[in-house]
Structures are given as structure tokens and as C-alpha cells.
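Some notes on the structure that comes next.
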Amino acid sequence: MIKSITEIREFLMNFDQRTVTCGQLRAADAGKTVVLNGWVHRDRNHGALHFINLRDRYGITQVVVDDDASAELQKTASELKMEYCIAVTGLVRLRPQNMINSDMDTGEVEVKAEKIEILSRCATLPFVIDGDQVVNEDLRLKYRFLDLRSSGMQSRIRLRHEFIKAIRDYLCDEGFYEIETPTLIRSTPEGARDFLVPSRKYPGKFYALPQSPQLYKQLLMVSGFDKYFQIARCYRDEDSRGDRQLEFTQLDLEMSFVKRDDVLGLMERLFGYVFKRVMNYELPAHFRRIDYFDAMNTYGCDKPDLRFGCEIKDIASVVQKSTFDAYKEILANKGSVKALVAPKTEGFDFTRKYLDEVGEAAKVYGAKFVPFIKVGANNALSGSAAKFFVGLEAELCSLLGAKEGDVIFMVAHESWKKCCASAGAIRTKLGKDLNLIRPGFEFCWIVDFPLFEYNEDEGHWEAAHHMFSMPQAKYIPTLEENPGEVRGDLYDMVVNGYECASGSIRIHDIELQKRIFRICNFSDEEAEKKFGFLLNAFKFGPPPHGGIAPGIDRLVMIMSDQNSIREAIAFPKNSFAVSPMDDSPNDVDQKQLDELKIYFKLDK
RNA sequence: GGGAUCUUGGUGAAGCUGGUUAUCACGCCACCCUGUCACGGUGGAGGCCACGGGUUCGAGCCCCGUAGAUCUCGCCA
């Protein structure tokens with residue numbers, strides 16, 4: 001019985017420390033006496049014979065309590081329950097030949113327990129670690145510390161670590177400096193909503209958390225650190241999504257004296273190196289480059305999944321000749337008409353219900369009605385829109401490359417972009433449902449994005465990417481005449497249907513930068529007030545520069561074949577920006593608010 | 001801000017056209033078990049069927065509202 005404080009301290013501190021991990025014992029270790037520390041993963045008690053799967057970060061080792069064990073050892077073993085944290089001292093021995101478990105790395109051996117020490121006990125679990133049930137995500141997040149014990153989370157967190165380590169190694173070898181930038185910064189009117197941090201010393205004033213280190217990395221270029229990177233946390237107060245969190249991590253990167261292809265080339269080398277090292281996956285030396293408009297026209301989005309075909313075609317020419325008046329009217333209104341083909345697929349019936357489902361998927365993006373046409377023998381057409389194409393069957397099928405058993409889907413919209421997006425939604429759905437998607441990673445670059453977008457609500461032009469991106473040279477003399485036509489020196493890196501990096505060559509000319517601000521409805525005075533520090537820096541010999549920022553969380557998600565970014569983050573928020581574990585965001589003490597001179601006026 | 005789907009012991013699911021005592025698996029508790037590895041066996045505890053209204057002789061099931069969850073459109077340079 002423990003009596004004194006000293007004894008309690010000794011009991012807590014003097015546990016048997018591990019001499020090996022639970023993942024390392026092999027047949028060659030037989031005969032050694034070892035100490036293991038870990039958690040009870042599974043517990044199989046046969047009465048006089050007792051097996052314990054002991055788990056740590058490195059693996060699982062089978063511990064056996066034999067029938068010749070002391071009464072004390074038997075008693076301790078019988079007390080064990082799942083997730084107890086224990087120390088086991090014992091002898092490594094070969095398992096009998098027919099008892100080898102080839103599914104376990106340590107399956108050739110087991111540890112015959114001589115002593116088991118319970119380091120701590122575990123309450124009844126809210127869910128079984130590595131159980132076969134899919135657990136409600138909010139519950140997983142509430143008990144994230146337990147969820148992280150699962151093999152899936154452990155391997156993703158390890159992948160993330162190795163990914164970041166490989167990035168650092170590669171970039172450092174290429175001569176990059178890793179430089180930190182502040183997280184309490186000035187709020188600037190960039191794309192997303194800022195998170196604000198009130199200043200205690202200056203009541204009524206606020207810092208903002210950076211949406212990205214954009215301006216700081218440009219200032220570092222002015223300072224002459226011509227190759228910079230940072231594993232940077234970014235904050236954007238926008239609604240969460242499966243592939244989006246309000247705080248996320250970017251590889252932020254910037255280089256001086258470069259042109260677009262230098263940045264793309266560096267990224268191709270970096271990702272080639274990283275994917276080989278952490279995934280043992282070979283990427284091509286160069287990624288395909290696709291013009292933004294080609295991507296929209298062919299794939300219906302600016303982040304195409306190239307792992308399958310199902311390309312979208314413009315069918316305006318055939319529709320013009322048809323009797324499809326509703327679509328002809330849309331064309332007359334400067335709209336677009338596009339179509340794509342769902343290929344005949346073994347074991348998949350294009351039921352009426354499914355065809356309607358496809359239509360619904362497109363309607364989310366604005367398509368009003370989505371006719372389909374089934375292709376029979378000799379280009380015989382049937383289905384809701386077949387009657388409009390009498391006499392044009394062969395032309396339609398050959399334009400689309402449709403064969404017997406295929407189904408043609410059509411979409412139309414006055415807005416070219418919405419027409420593309422609707423067709424893209426169909427393409428994505430077909431890819432998934434018809435199992436058209438090849439395994440692997442298919443990277444590409446989407447380049448030459450428009451520099452400006454018109455904001456209908458606000459009634460002025462704004463930067464499609466951000467205001468520091470360089471217009472392509474040929475547009476520079478006439479930027480103001482038709483901003484909608486201007487293309488930027490912009491590029492996105494895309495893999496498997498996800499945008500995984502975004503970047504541009506930046507403006508380093510103060511006059512050009514001011515022109516961009518003006519087009520985006522910032523007067524010189526306002527620009528000076530909000531971006532004065534950048535403009536000021538540009539007076540002092542700024543170098544030409546450009547960069548890019550890959551999203552770390554999203555890439556880890558893709559690399560580990562998940563479809564939620566939360567699977568790649570140790571402690572994420574849920575889709576409603578709440579952390580069920582620590583219950584943030586939360587109320588704070590009135591005293592804290594008083595210090596900050598903050599008073600609320602809540603709705604209702 | 002809009003739309004879709006969902007909410008049943010600790011966990012995951014079933015629950016028919018509205019009809020007794022809400023079913024199953026995992027987990028939990030007790031006991032048994034000498035080669036398991038998702039061990040097995042016997043027994044047991046554990047439910048205001050998310051919450052609030054309504055329809056009905058009768059609601060887990062139908063209707064309305066509220067809350068929460070996931071996905072999604074907008075938004076996210």
C-alpha cells in the first residue's frame with residue numbers, strides 16, 4: 001500500500017521504461033528480454049492463456065500471459081481493458097510455426113510477459129479505436145485525442161509530417177530561406193473576410209490574422225531574400241467545406257528575378273521529389289498546361305480531374321440546324337449549348353431515375369432543364385430531346401463520338417460560365433458513378449486566368465485572384481479599356497479535381513500597381529491609406545518576382561485518398577466552425593471584454 | 001443567406017401500410033474457456049426513439065416548428 005507523498009511520486013515516476021517499441025521486434029530478437037510501453041489495443045483472455053495486443057505509434061506487438069504466470073501477474077492481466085496504458089517486461093520468443101501472423105509486422109514473435117505494470121486506466125470509450133464502425137464525426141472531434149490513436153489518423157499525421165519534411169529538405173537544398181512573418185497584421189481589403197484581434201493598448205483598433213503572408217513575402221523580395229518559403233498558417237473567416245477550413249496551412253513561396261516557367265518548373269521538381277520520397281510515386285517531369293478557357297470548355301471547371309475523359313463539346317452548330325427552339329433561343333441570347341457523353345458501362349443501367357439525378361446535379365449550377373438522348377444502333381436516337389434532331393443523328397453522334405448504348409446529356413445557359421459549370425457537374429458525377437476514374441495522381445497547370453471579374457453587386461471590377469498579380473504584357477497598354485479581356489500571369493496547380501496551389505508573377509512597378517488599384521475601385525488616396533507600406537516599398541528598387549502557395553492540408557488529404565480536409569488536420573473545426581473538443585468559439589470573461597473596451601450589440 | 005439528406009441505449013445500424021414488451025452487432029458488467037489475433041461461450045445492465053407542438057382510439061413511424069450534424073449553392077483573391 002502506498003502511503004507517503006514520496007511513495008506516490010515514486011509510483012508515478014518510476015515506471016519500467018521501454019527498451020523497444022511495439023513495431024520493431026522480429027524473429028532475430030527472440031531470446032531478448034525487453035520492456036514495452038503502450039496501449040492495450042485488443043485483449044483476448046482464454047482463462048489460463050491471455051493474449052494482449054499492445055500498441056504504440058510504431059506498431060502492435062502480441063504479449064502473452066502464459067499459464068505458468070504468477071498469481072499476481074495473472075491478476076494484473078485480468079484487470080486490463082482496452083486502452084489501458086501499460087508497461088510490459090518480458091521475453092521475446094518465436095511463435096509456434098502455425099501461429100505466425102503474416103498480417104502483423106511483428107507477427108513472427110510474441111513477448112511472454114514476466115511483469116505487467118498498469119501506468120494508467122481508461123474510462124469506457126465513446127467509440128472503439130480502429131473499430132469497424134464509421135463514427136459520427138462530431139463525436140470523433142469531441143474525442144479527437146482518442147480518434148488520433150486510430151491507425152488511419154496516425155498514418156495521415158505521419159504522412160503530413162513526412163510531406164512537410166521533404167518540402168523543407170528540397171527547398172533548403174535549392175537555396176531557399178525559411179522565414180517567418182507575423183500573424184498579427186494590418187487588416188487589408190483582400191478577398192476573404194478577416195479574423196480580427198482587438199488591441200488592448202489601442203482600444204477600438206484591431207489586428208487581423210493573415211489570409212496569407214502575401215504582402216510580407218513581397219516585401220521580403222524587396223529586401224533581397226530572393227528565394228523564400230514558409231509553412232504558413234492562414235486564416236479566412238468564410239464558411240467551411242469538406243476541402244476548406246477557416247485556418248489552414250500553406251507552403252508559401254516566393255522568388256525574385258523569375259518568370260512564370262521558373263516557378264512552374266520549381267514546383268514540378270519539388271512535387272516530383274516529394275511524391276517519390278513520401279509516396280514512392282513517379283510524377284512526370286512536366287505537368288500539362290491548360291488554358292483557363294480550354295479547361296472551362298472541355299472539363300466544365302478550372303480544376304479538372306484528368307483521371308477520366310468524358311470531355312465536354314460545344315454543340316451550337318448542330319443545335320442551330322435542329323428544331324430545338326428552346327436551346328436556339330438561348331443561343332440567340334448569346335448563350336452556350338454544350339453536351340457530353342456518358343459511355344455505355346458494363347453493369348450500369350441508365351435508368352430514368354438516374355438520368356433525372358444527373359439533370360439535378362447540373363441544375364444546382366444553373367442549368368434549367370437537362371435533356372438526354374439515348375443512342376441506339378445506327379445512330380438511332382431516343383429520349384427527351386431526340387425529336388429535335390431528326391436528320392441530324394449522324395452529325396450529332398460523330399461530333400460527340402457517341403456510340404450505341406451511350407447517353408448524351410445537353411445543357412444550355414445564357415451565361416457561358418454557368419453552362420460550363422453545369423456540364424462540369426455532370427462530368428464529375430459520371431466519373432464517380434460510372435467508375436471512370438483511374439487511380440493515381442494527375443497534375444496539371446491551369447494558366448492565363450482572367451485578371452479581373454465584374455462584381456455585379458458592388459458594380460465595379462475586382463481582382464479575380466488578388467490585386468498584386470501581373471497582367472500579361474500585351475494587355476498592359478490598354479488595361480482600362482476592357483478589364484474583362486485582360487489575362488494575368490496567373491497559374492493554379494490542379495490534381496485530381498482539386499486546386500492544390502495558386503500563384504502568379506507579381507507587379508513590381510508602382511505605377512502599374514496603382515492602375516490596378518484604380519480599376520478595382522480604389523482611389524489613389526484609399527490605396528495609399530490601405531497599401532501605403534507596399535507602395536512605399538516599391539519606391540526602393542523592387543525586383544521582379546513571383547510565387548505560389550500550395551495548400552498543405554488539401555494535398556495531404558488527396559495523397560491519403562480522403563475527401564475531407566479534416567482527415568489531414570490533427571485538431572480541425574467542424575463544418576460549422578466549431579471545435580466540439582474545446583467548445584470554441586466560446587464566451588469570455590466580462591473583465592477581458594472591459595479591458596478591450598468591447599461592447600456587444602447582438603441581434604434579437 | 002439558400003437547398004438536400006440526416007438525428008433510435010456508450011457506438012453503428014434495423015424498425016413494414018401507424019397497432020402489445022423497440023430488434024441486431026460492437027462496446028460495457030459478471031462468469032466460463034490453454035494458441036488467439038475482429039478469439040469464443042453463457043448470463044446481465046443500459047432507451048423520455050434530438051427537442052417542442054399537432055393529427056389519431058393509438059406515433060419511433062404522419063404533419064408543423066426548433067436545435068444540431070453532414071453535403072452542397074452563394075461565399076472562399
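Just so we're on the same page: letters track the sequence lines, and every chain starts at 1.
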The answer to which of Leu49(A) and Val135(A) contacts RNA chain B further toward the 5' end, by nearest nucleotide, is Val135(A)
So what does Leu139(A) hit on the nucleic acid, given a heavy-atom distance under 4.0 Å: a base, only sugar-phosphate, or nothing?
sugar-phosphate
Gln133(A) CD to rG27(B) C1', in whole Å, measures 8 Å
What orientation do Trp416(A) and Phe293(A) show, parallel under 30°, tilted 30 to 60°, or perpendicular over 60°? tilted
note: Asn101(A), atom CG; rC39(B), atom P; distance rounded to Å ~ 11 Å
For nucleotides rG18(B) and rA59(B), find the distance between their C1' atoms and express it as a whole number of Å. 6 Å
| Say you pick atom P in rU8(B) and the same atom in rG54(B); how far apart are they, in whole Å? | 24 Å
Donor-acceptor pair, distance only, cut-off 3.5 Å: does the side chain of Arg144(A) make one with the backbone of Ala570(A)? yes
Practice task
Report yes if at least one side-chain N or O of Arg44(A) is closer than 4.0 Å to OP1 or OP2 of rC39(B); otherwise report no.
Solution key: yes
### Message
In whole Å, measure the gap between the C1' atoms of rG15(B) and rG53(B) for me.
### Response
25 Å
Exercise for the section: Give Glu110(A) one of three labels, base, sugar-phosphate or nothing, depending on what nucleic acid heavy atoms sit under 4.0 Å from its own. Expected result: base
For His46(A) and rU36(B), is the gap between ring centres under 5.5 Å while the planes differ by less than 30°? no
Rounded to whole Å, the OH-P distance (Tyr143(A) to rG12(B)) equals 12 Å
Result for side-chain contact (heavy atoms from CB on, under 4.5 Å) between Arg140(A) and one of Asn574(A), Val134(A), Leu146(A), Asp147(A) points to Asp147(A)
Partner of rG40(B) under the Watson-Crick or G-U wobble criteria, both distances under 3.5 Å, comes out as rC32(B)
Item to complete: Tell me yes or no: between the side chains of Thr188(A) and Arg186(A), is some donor less than 3.5 Å from an acceptor?
Response: no
Output for pair (Lys303(A) NZ, Glu499(A) CD), nearest 0.5 Å, gives 7.0 Å
(request) Select base, sugar-phosphate, or nothing to describe what Ser212(A) touches, counting heavy atoms under 4.0 Å on all strands. (result) base
side-chain hydrogen bond (donor to acceptor under 3.5 Å, both in side chains) with Glu254(A): of Gln230(A), Arg506(A), Gln214(A), Gln218(A), only one passes, and it is Arg506(A)
Exercise for the section: Could you work out the separation of rU11(B) and rG47(B) based on their C1' atoms and round it to a whole Å? Expected result: 14 Å
When rounded to whole Å, the CZ to P distance for the pair Arg55(A) and rA38(B) reads 15 Å
Testing rC39(B), rG27(B), rU36(B) for proximity to the side chain of Arg42(A), the answer is rC39(B)
ask   = Do Phe468(A) and Phe531(A) make the cut of ring centroids closer than 6.0 angstrom?
value = yes
Nucleotide by nucleotide, nucleotides 68-76 of chain B touches protein heavy atoms under 4.0 Å in the pattern (B base, S sugar-phosphate only, - none) -SSSBBBBB
Output for pair (Ile312(A) CD1, Tyr299(A) OH), nearest 0.5 Å, gives 9.5 Å
rC24(B) versus rC64(B) - spacing of their P atoms, nearest Å: 33 Å
| query | Less than 3.5 Å between a donor and an acceptor, one on the side chain of Asn53(A) and one on the base of rC37(B), is that the case here? | reply | no
Exercise. Tell me whether the centres of the aromatic rings in His46(A) and Phe51(A) are closer together than 6.0 Å.
Key: yes
Rounded to whole Å, NZ of Lys429(A) lies from C1' of rA4(B) at a distance of 13 Å
Practice item. Taking only the side-chain nitrogens and oxygens of Lys363(A), find out if one of them lies under 4.0 Å from OP1 or OP2 of rG3(B). Key: no
**OP:** Taking atom C1' in both rU7(B) and rC49(B), compute the distance separating them and give it to the nearest angstrom.
**Re:** 10 Å
In Watson-Crick or G-U wobble terms, with both distances under 3.5 Å, the base opposite rG74(B) is none
Requested in this report: Pick base, sugar-phosphate or nothing for Arg93(A), based on heavy-atom distances below 4.0 Å to the nucleic acid.
Outcome: base
Answer with yes or no whether Arg140(A) presents, from its side chain, a donor or acceptor under 3.5 Å of a partner atom in the base of rU11(B).
no
Answer for the Watson-Crick or wobble partner of rU17(B), both distances under 3.5 Å, is none
By nearest-heavy-atom nucleotide on RNA chain B, the more 5' of Asp66(A) and Asn45(A) is Asp66(A)
Select base, sugar-phosphate, or nothing to describe what Met467(A) touches, counting heavy atoms under 4.0 Å on all strands.
nothing
#### Entry: Atom C1', compared across rC51(B) and rC29(B): separation rounded to whole Å
32 Å
To the nearest angstrom, the CE-C1' distance between Met82(A) and rC29(B) comes to 13 Å
From CD of Glu357(A) across to C1' of rA4(B) the rounded distance in Å is 12 Å
Ile129(A) atom CD1 is separated from rU11(B) atom P, nearest whole Å, by 14 Å
- request: Using the C1' atom on both, measure rA25(B) against rG40(B) and round to a whole Å.
  value: 16 Å
By the Watson-Crick or G-U definition, both distances under 3.5 Å, rG65(B) is matched with rC51(B)
Evaluate whether the aromatic ring of Phe127(A) and the six-membered ring of the rU11(B) base sit under 5.5 Å apart, centre to centre, with an inclination under 30°.
-> no
Check for a donor-acceptor pair, side chain of Arg55(A) on one end and backbone N or O of Gly38(A) on the other, with a separation under 3.5 Å. no
